[in-house]
Protein chains: 2
Amino acid sequence: MPRKITMADIADMAGVTKSTVSRYFNGGYVKESTRERIQEITREYNYEPNAFARLKARESNVIGVVVPTLNSKVTSRVVTSIGRYLRGQGYETLIKDSDHSPELELKNMQRLMTLNVDGILVSAITITPELREAIESCPVPVVVLAQEYPQGTVVVADDYGAGRAMGAYVGRTGPRRVGYLGVEESDLAVGISRRQGVLDGLREHGDPEVVALQGDYSYESGQRMAEEVLENGPVDAMICATDRLAFGAYLVLERHGLRVPEDVSVAGFGGYDESALLKPPLTTLKFDSYAMGYLGAETVLKMIRGEPVPKKQIVDYTFIEGKSVRER
Amino acid sequence: MPRKITMADIADMAGVTKSTVSRYFNGGYVKESTRERIQEITREYNYEPNAFARLKARESNVIGVVVPTLNSKVTSRVVTSIGRYLRGQGYETLIKDSDHSPELELKNMQRLMTLNVDGILVSAITITPELREAIESCPVPVVVLAQEYPQGTVVVADDYGAGRAMGAYVGRTGPRRVGYLGVEESDLAVGISRRQGVLDGLREHGDPEVVALQGDYSYESGQRMAEEVLENGPVDAMICATDRLAFGAYLVLERHGLRVPEDVSVAGFGGYDESALLKPPLTTLKFDSYAMGYLGAETVLKMIRGEPVPKKQIVDYTFIEGKSVRER
DNA sequence: CTGAAAGCGCTTACAG
DNA sequence: CTGAAAGCGCTTACAG
């Protein structure tokens with residue numbers, strides 16, 4: 001196992017000082033011939049400076065990203081998009097997975113700060129008081145993704161608007177009783193805004209009775225909630241806070257011998273590829289997660305440069321009409 | 001924005017030297033009363049040492065992970081599992097996303113090395129000669145995930161065995177002509193081993209004619225290949241290298257008015273949650289990705305400690321019997 | 001255009 | 001049990 005190669009090694013081989021090599025990498029003055037020599041050696045050894053040893057540098061060129069989980073289609077898209085943008089801008093992306101734990105969420109934020117990243121993108125399930133405190137006392141720019149955060153800079157999906165659109169769409173078909181399969185209110189975006197949108201949308205179109213439930217984000221939770229809805233009496237529609245929950249509803253409805261959409265309409269949020277494959281295809285709605293990642297990354301870089309940025313950016317969604325909601 | 005707090009600050013407040021604080025964090029000798037004082041201040045300021053400033057330390061306590069993409073269910077599971085294990089062992093996980101690019105794959109490996117990580121877990125789509133060279137010249141332990149790599153230490157899924165089991169399962173139903181929707185051979189595990197397993201399994205049970213195609217991993221690719229299979233004449237079964245490809249096959253079969261499994265059997269690999277929701281539920285097979293992550297992480301840590309490790313570890317799979325393969 | 005020197009936040013022998 | 005000093009791989013004024 002060869003020894004790790006350092007900037008000093010490169011300097012030696014090039015017959016210069018590491019100061020010069022450093023300048024080479026950071027865009028300082030280097031004579032053309034020297035530059036070429038360094039470039040050649042750098043190429044030969046595939047050398048790249050250790051980004052984390054830039055302790056003295058004003059900027060580390062690394063951006064931290066804390067995500068609530070990696071096991072989510074939406075998060076995957078967001079992180080991929082962030083990585084692409086940042087890579088193109090010469091920044092490193094440092095991903096910290098909170099694995100559904102609020103304590104880890106806080107720890108990740110704190111750790112990122114001591115790691116002297118230039119900025120932080122944080123997507124949290126819940127912004128606890130401790131997290132908020134950490135965000136506020138953060139010495140580098142922070143942008144919050146996917147959750148409202150009035151105190152700071154955010155990029156969010158239009159959860160309320162999307163909910164309302166879906167509520168109205170289903171409401172127009174004239175249901176008498178609707179089940180809402182939701183998530184916990186600690187998730188403000190999905191648990192509250194999205195639900196409120198749905199309720200308002202329904203109210204504007206016939207004002208059906210609504211049985212609103214809360215669970216977690218799993219397939220199993222979707223099944224449990226669907227069962228519970230049915231135990232409370234027949235419904236004409238189930239609106240599910242995520243496609244995954246809708247998958248659970250499909251299964252339970254089938255078990256009960258109920259047809260979609262003839263007996264019960266079903267709608268979701270997420271627009272997963274798989275949703276189009278269900279029978280019938282799920283009526284859902286897809287947020288532009290790539291835009292969220294891109295805009296978040298762009299925004300944090302602007303903040304670092306001291307450029308003005310919008311306090312709040314809202315990404316769009318696309319309505320995906322399936323065949324799972326009854327025609328009116 | 002408050003200044004970042006450093007070890008020297010903590011030392012000042014505790015009335016000691018940073019040497020002592022460092023020892024506190026690294027398990028050296030510290031008097032009980034001193035320890036308590038440092039602990040208190042550390043707690044108050046939520047201080048954690050900058051893991052990347054441990055330039056002088058023998059061990060950095062960070063493990064690098066390079067993944068081919070973040071947009072994959074399997075990768076998500078593997079990375080989550082790695083993170084959990086490593087966190088429990090006091091290690092940082094540094095994720096590098098190659099975003100489907102072989103050049104980035106190589107760059108990520110190289111960069112990780114200069115970042116003085118203690119070990120590397122690499123999951124690559126293709127082990128190019130350059131990547132192999134990088135792995136071989138790596139000064140820290142490397143374990144390769146999900147791909148065969150005879151020169152090194154690997155944790156792989158039993159692609160051949162799984163393919164053969166699926167081939168045999170379908171073969172037993174007596175198909176005359178079978179379509180195989182595969183991926184490129186540059187992916188040795190899926191593109192070659194899995195396919196070979198399927199072919200061998202089929203051959204042992206009736207030896208049907210096989211139309212084997214190659215594409216990428218997308219839903220659209222599944223559709224294209226399914227179309228191409230049908231253009232070549234009727235088949236009794238389609239075996240798909242991943243569930244996602246099978247999703248595409250379902251769509252195309254439906255378009256052609258062909259029923260699953262009455263007209264055409266379909267089978268996949270992956271065991272996605274969604275696969276059970278298809279109509280009919282997909283017969284598939286799920287690899288234990290969590291085990292792959294866990295074992296990979298455990299193995300690299302053992303290698304770092306100089307403990308003996310198996311050259312090759314094979315993770316198990318579970319057969320998931322759906323209703324998409326005709327009864328014989 | 002380049003080098004010597006000091007310093008970033010940490011660790012580690014070595015004295016005491 | 002603790003501190004002073006040197007050093008990790010890099011950056012950055014400051015001379016020259």
Side-chain angles (χ1 to χ4, degrees), chain A residues 2-39 41-42 45 47-62 90 92 110-118 139-140, chain B residues 2-39 41-42 45 47-62 90 92 110-118 139-140:
Chain A
R3 205 173 59 79
K4 283 167 204 156
I5 196 159
T6 75
M7 192 175 274
D9 299 328
I10 300 292
D12 276 356
M13 299 183 204
V16 292
T17 298
K18 54 193 166 77
S19 311
T20 306
V21 179
S22 177
R23 249 181 268 113
Y24 168 83
F25 280 106
N26 294 296
Y29 265 11
V30 182
K31 204 204 310 176
E32 189 49 33
S33 61
T34 312
R35 176 180 301 284
E36 279 165 13
R37 213 146 14 99
I38 295 176
Q39 189 178 79
I41 298 177
T42 291
Y45 289 88
Y47 171 76
E48 299 219 29
N50 178 344
F52 293 109
R54 313 180 72 234
L55 264 18
K56 183 79 178 296
R58 331 194 159 81
E59 314 221 313
S60 67
N61 287 341
V62 1
E92 286 276 333
Q110 294 173 333
R111 182 155 298 197
L112 243 21
M113 292 185 218
T114 74
L115 256 33
N116 84 322
V117 295
D118 291 342
V140 296
Chain B
R3 205 173 60 79
K4 283 169 202 155
I5 196 161
T6 74
M7 193 175 275
D9 300 326
I10 300 291
D12 276 354
M13 299 183 204
V16 293
T17 296
K18 55 193 165 77
S19 311
T20 305
V21 178
S22 178
R23 249 181 266 113
Y24 167 84
F25 280 108
N26 294 297
Y29 266 11
V30 181
K31 206 203 309 175
E32 188 51 32
S33 60
T34 312
R35 175 179 301 283
E36 280 164 12
R37 212 144 17 97
I38 296 176
Q39 190 178 78
I41 298 178
T42 292
Y45 289 88
Y47 172 77
E48 300 219 30
N50 178 344
F52 294 110
R54 312 179 74 233
L55 263 19
K56 182 79 179 297
R58 322 195 165 83
E59 314 222 313
S60 66
N61 288 341
V62 1
E92 287 276 334
Q110 293 172 334
R111 183 154 299 197
L112 244 20
M113 292 185 218
T114 74
L115 256 32
N116 84 322
V117 296
D118 290 343
V140 296

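Keep in mind that what you see is a predicted model, and the values were worked out from it rather than measured. Within every chain, numbering begins at 1; the chains are lettered A, B, ... in the order of the sequence lines, protein sequences first and strands thereafter.
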message = Would you compute the distance between atom CD of Glu48(A) and atom CZ of Phe25(A) and round it to the nearest 0.5 angstrom?
response = 7.0 Å
query = Taking CG from Asn61(A) and P from dC10(D), how many angstroms apart are they, rounded to a whole number?
reply = 14 Å
request  = Could you tell me whether the side chain of Ile38(A) reaches within less than 4.5 Å of the side chain of Arg35(A), counting heavy atoms only?
outcome  = no
message = Could you tell me if the side chain of Ile5(B) sits less than 4.5 Å from the side chain of Met13(B), heavy atoms only?
response = yes
query = Of the non-hydrogen atoms in Val117(B) and Leu112(B), which two are nearest, and what is the gap between them?
reply = CG2-O, 3.4 Å
ask   = For the pair made of CZ in Phe25(B) and P in dT12(C), what is the distance, rounded to whole Å?
value = 14 Å
request  = Whole angstrom is fine here: how far is it from CE in Met7(B) over to P in dT12(C)?
outcome  = 11 Å
Met7(B) side, atom CE; Thr42(B) side, atom OG1 - distance, nearest 0.5 Å = 8.5 Å
query = Hey, is the side chain of Tyr47(A) poking within less than 4.0 Å of OP1 or OP2 on dC10(D), counting only N and O atoms?
reply = yes
request  = Give Thr114(B) one of three labels, base, sugar-phosphate or nothing, depending on what nucleic acid heavy atoms sit under 4.0 Å from its own.
outcome  = nothing
ask   = Once you round to the nearest 0.5 Å, how far does CG of Asn50(B) lie from CG of Asn116(A)?
value = 6.0 Å
ask   = Between dT12(D), dT2(C), dT11(C), which nucleotide has the shortest distance from any of its atoms to the side chain of Ala57(B)?
value = dT11(C)
inquiry  = Quick check: do Val62(A) and Leu115(A) have side-chain heavy atoms less than 4.5 Å from each other?
reply    = no
query = What is the distance, rounded to the nearest whole Å, between atom OH of Tyr29(A) and atom C1' of dT11(D)?
reply = 19 Å
query = Leu55(B) has an atom CG; how far is it from atom P of dT11(C), in whole Å?
reply = 10 Å
key: Under-4.0 Å side-chain N/O to phosphate OP1/OP2 contact, Thr20(A) with dT2(C)   = no
key: Trace of the side chain to side chain contact (heavy atoms under 4.5 Å, CB included) decision for Asn26(A) with Arg54(A)   = CA-CA 11 Å; Asn26(A) 294 296; Arg54(A) 313 180 72 234; 3.0 Å; yes
request  = With the side chain of Val30(B) defined as its heavy atoms from C-beta on, choose the nearest nucleotide among dG9(D), dT2(D), dA6(C).
outcome  = dT2(D)
request  = Report the distance from atom OH of Tyr45(A) to atom CD1 of Ile10(A), rounding to the nearest 0.5 Å.
outcome  = 7.5 Å
inquiry  = Is the phosphate of dC10(D) approached by Asn50(A) (side-chain N or O, under 4.0 Å from OP1 or OP2)?
reply    = no
message = Show me, range against range, the stems involving DNA chain D, built from at least 3 consecutive Watson-Crick or G-U pairs below 3.5 Å.
response = C:1-3 with D:14-16, C:5-12 with D:5-12, C:14-16 with D:1-3
What protein N or O atoms touch nucleotides 13-16 of chain C N or O atoms at under 3.5 angstrom, if any, and at what distances?
unit_1: dA13(C); atom_1: OP2; unit_2: Arg58(B); atom_2: NH2; d: 2.2

request  = Using a heavy-atom cut-off of under 4.0 Å over every strand shown, decide if Val16(A) touches base, sugar-phosphate, or nothing.
outcome  = sugar-phosphate
message = Please report the interatomic distance CZ(Phe52(A)) to CZ(Arg111(B)), rounded to the nearest 0.5 Å.
response = 9.5 Å
task = Measure from the side-chain heavy atoms of Thr34(A) and tell me the nearest of dT12(C), dC1(C), dA4(D).
result = dC1(C)
remark   = Between CD of Glu59(A) and P of dT11(D) the distance, given in whole Å, is 13 Å
request  = Give the rounded distance in Å between these two atoms: CG of Asn26(A) and C1' of dT12(D).
outcome  = 10 Å
request  = Grab the CG-P distance between Leu115(B) and dC8(D) for me, whole Å please.
outcome  = 18 Å
